[in-house]
Amino acid sequence: MATVLEDEMISETKIPLTFKWSGREYKVDLLGSDRVYDLKTSLMSLTKKILGLVKGKLPPDQERIADLRIAGKSFTLIGTPEGDEIKDPSKLEFLPDVVNDLDVDFTDNPAAAAVYKNDQRNIRKVKEATEKLQINIIHPLRDGKRLLVLDIDYTILDTKPLTSGSLPPAECARPGLHEFLETIYPYYDICICWIWLEAKLVELGMVGSTRNYQISFVLDKTCMFTVFTERNGQPYAHHVKALQIIWNHFPQFSAKNTIHVDDLSRNFALNPNEGLKIHAFKNAHTEQAQADRELPKVARYMVHIAGVEDFRALASQGMRAWKHELRRLPQS
């Protein structure tokens, strides 16, 4: 079975397939670097079951289409498509990355990270996401500023009580959130990685308030896509936040001046050197959570590096070493 860690080039020629559904015949074209996951996703609105694509059980999601040797193959779809009914927040498509504690870190394995970045499917997915993404500028970008890409789920708020409604939005926020953003704002424009609605930012007091910072723009789930790798020798799939999508829209930003703060290392998979990982914020109602002081530390570090001309100069130690670097700074 081929994996993303194999350093091989997969043909990007089209692989034509024919399938039957509800008594009619249809055609679909895939590319060699597509995965079984991509085929299933493209057909999800029609059915959940594919028969006759291969002999026996359908291959796992991470299997490359080119490796299946199915060009010209005909298969059948059966079953009832998944409905569009409202789902419990805990079952939303993009939440597994939030509630799943399994993580993977590529900063210690630059060879694997390079394969990730050079994977033809991932390159194509970045291009497709760039073309599909429509960005609503909430506040104009400022000349000469760095860019902070800030995750929201379990990074700056406790997502569970927010989605369940068990706590008011303001009480789900990580302590020091607004002070953190006010501290770094003179140096950084702010992008929020958000998977639901911008309206939630209003409820949190991050947009439309009188705070001394502004959110420049928000990215919804259309900027994320699934990538495939291995974890402990086993196939592993997860969503990823590719900074190149932002850089394609705003060429004034790049690896030279962008920092991505998140609680999950795997979200940095395509940009491991630009990621600054902090520990997850959960159980917001507890005394321990309210004593959390992670954001003031991040703010101090980000102000410290704001004068670095090229953030890539930090790559030798990596953003992952930010806490070690912070301990070396004089107390303010």
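By convention here, the first residue in the shown sequence is residue 1.
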Report task. Just do the side chain to side chain contact (heavy atoms under 4.5 Å, CB included) check on Asn248 and Val126 with the steps written out, would you? Result -> CA-CA 9 Å; Asn248 289 343; Val126 168; 4.1 Å; yes

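- Other residues, nucleotides and ligands contribute only 12 or fewer heavy atoms inside 6.0 Å of the CD atom of Gln288.
- Each of Met206 and Phe281 belongs to its own hydrophobic cluster when Ile, Leu, Val, Met, Phe, Trp and Tyr are linked at side-chain heavy-atom distances under 4.5 angstrom.
- Linking ILVMFWY residues whenever their side-chain heavy atoms come closer than 4.5 Å, directly or via other members, places Leu181 and Ile192 in the same cluster.
- By the 6.0 Å contact criterion, CZ on Phe250 is enclosed, its count of non-hydrogen atoms from other residues, nucleotides or ligands being greater than 12.
- Shown here is Glu25, whose CD atom has more than 12 heavy atoms of other residues, nucleotides or ligands within 6.0 Å.
- Under the 3.5 Å distance criterion, the side-chain polar atoms of Glu63 are left unmatched by any main-chain donor or acceptor of Leu68.
- Judged by distance alone, the side chain of His260 and the main-chain N or O of Leu276 form no donor-acceptor pair under 3.5 Å.
- One hydrophobic cluster, built from ILVMFWY side chains closer than 4.5 Å, holds both Ile156 and Leu204.
- Contact between Pro16 and Asp29 at its shortest, heavy atoms only, is CA-OD1, 3.3 Å.
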Report task. Evaluate side chain to side chain contact (heavy atoms under 4.5 Å, CB included) for Cys191 paired with Leu150, printing each intermediate quantity in order. Result -> CA-CA 6 Å; Cys191 160; Leu150 183 61; over 6 Å; no

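- Evaluated for a side chain to side chain donor-acceptor pair (under 3.5 Å) with Tyr213, the options His178, His139, Glu179 yield exactly one hit, His178.
- Side-chain contact annotation: Ser33 with Arg124, donor-acceptor N/O pair under 3.5 Å present.
- At a threshold of 4.5 Å between side-chain heavy atoms, the hydrophobic network of Ile, Leu, Val, Met, Phe, Trp and Tyr places Val303 and Ile278 in one connected group.
- Taking the side chain as every heavy atom from C-beta outward, Asp158 and Asp153 never approach each other to under 4.5 Å.
- In this structure, Ile215 CD1 and Ser209 OG are separated by 9.0 Å, a value rounded to the nearest 0.5 Å.
- A heavy-atom distance below 4.5 Å is not found between the side chains of Ile246 and Thr258.
- Aromatic ring centroids of Phe75 and Phe19 lie under 6.0 Å apart.
- Two residues are said to be in side-chain contact when any heavy atoms from C-beta on lie closer than 4.5 Å; Lys20 and Tyr26 fail this criterion.
- Taking all atoms of both residues into account, the shortest heavy-atom contact from Pro169 to Glu203 is CG-OE1, 3.3 Å.
- With hydrogens and angles disregarded, a donor-acceptor distance shorter than 3.5 Å links the side chain of Tyr188 to the backbone of Met302.
- Between Thr183 and Pro186, the shortest heavy-atom distance links the atoms O-CD, 3.3 Å.
- Interatomic distance, Asn136 CG to Gln134 CD, rounded to the nearest 0.5 Å: 10.0 Å.
- Checked by atom type and distance alone, the side chain of Arg174 pairs as donor or acceptor with a backbone atom of Thr155 at under 3.5 Å.
- Expressed to the nearest 0.5 Å, how far CG of Leu243 lies from CG of Leu219 amounts to 9.5 Å.
- The nearest pair of heavy atoms linking Val149 to Cys193 is CG1-SG, 3.4 Å.
- Pairing each heavy atom of Ala289 with each of Pro175, the nearest pair is O-CG, 3.5 Å.
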Report task. With side chain to side chain contact (heavy atoms under 4.5 Å, CB included) as the test, would you mind laying out the steps for Arg312 and Asn273 before giving the verdict? Result -> CA-CA 8 Å; Arg312 290 174 297 184; Asn273 291 328; over 6 Å; no

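- The pair Lys277-Asp263 does not count as a salt bridge, with every side-chain nitrogen at least 4.0 angstrom from each carboxylate oxygen.
- No side-chain heavy atom of Lys160 sits less than 4.5 Å from a side-chain heavy atom of Lys282.
- Interatomic distance, Asp262 CG to Asn267 CG, rounded to the nearest 0.5 Å: 4.0 Å.
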Requested in this report: Could you give me the CA-CA distance, side-chain angles and deciding distance for Val240 and Met224, then say whether side chain to side chain contact (heavy atoms under 4.5 Å, CB included) is met?
Outcome: CA-CA 6 Å; Val240 70; Met224 298 176 69; over 6 Å; no

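- Using modelled atom types and a 3.5 Å distance limit, the side chains of Thr226 and Tyr37 yield a donor-acceptor pair.
- Paired with Asp189 under the rule side chain to side chain donor-acceptor pair (under 3.5 Å), one option of Lys145, Gln214, Arg142, Gln252 passes, and it is Arg142.
- Heavy atoms only, all atoms of each residue included: Val54 and Pro59 are closest at CG2-CD, 3.5 Å.
- Rounding to the nearest 0.5 angstrom, the gap separating the SG atom in Cys223 from the CD atom in Gln244 is 13.5 Å.
- Contact check on Lys40 versus Asp61 returns a salt bridge, with a Lys/Arg side-chain nitrogen under 4.0 Å from an Asp/Glu carboxylate oxygen.
- Between Phe228 and Arg35 the shortest side-chain heavy-atom distance falls below 4.5 Å.
- Cluster annotation: Leu147 is connected to Leu270 through the hydrophobic network of ILVMFWY side chains, with a link wherever side-chain heavy atoms come within less than 4.5 Å.
- Expressed to the nearest 0.5 Å, how far NZ of Lys127 lies from NZ of Lys132 amounts to 13.0 Å.
- Under a 4.0 Å N-O distance rule, the pair Arg121/Asp119 does not qualify as a salt bridge.
- A cation-pi arrangement is absent between Lys241 and Phe268, since the terminal nitrogen or guanidinium carbon is not both under 6.0 Å from the aromatic centre and inside a 45° cone about the axis.
- Here the side chains of Ser216 and Ile137 are not in contact, with every heavy-atom distance at 4.5 Å or above.
- The side-chain heavy atoms of Ile305 and Leu314, taken from C-beta on, include a pair separated by under 4.5 Å.
- The pair Lys14-Asp34 does not meet the salt-bridge criterion, since no charged nitrogen lies less than 4.0 angstrom from a carboxylate oxygen.
- In this structure the side chain of Leu31 never reaches within 4.5 angstrom of the side chain of Ile15, judged on heavy atoms.
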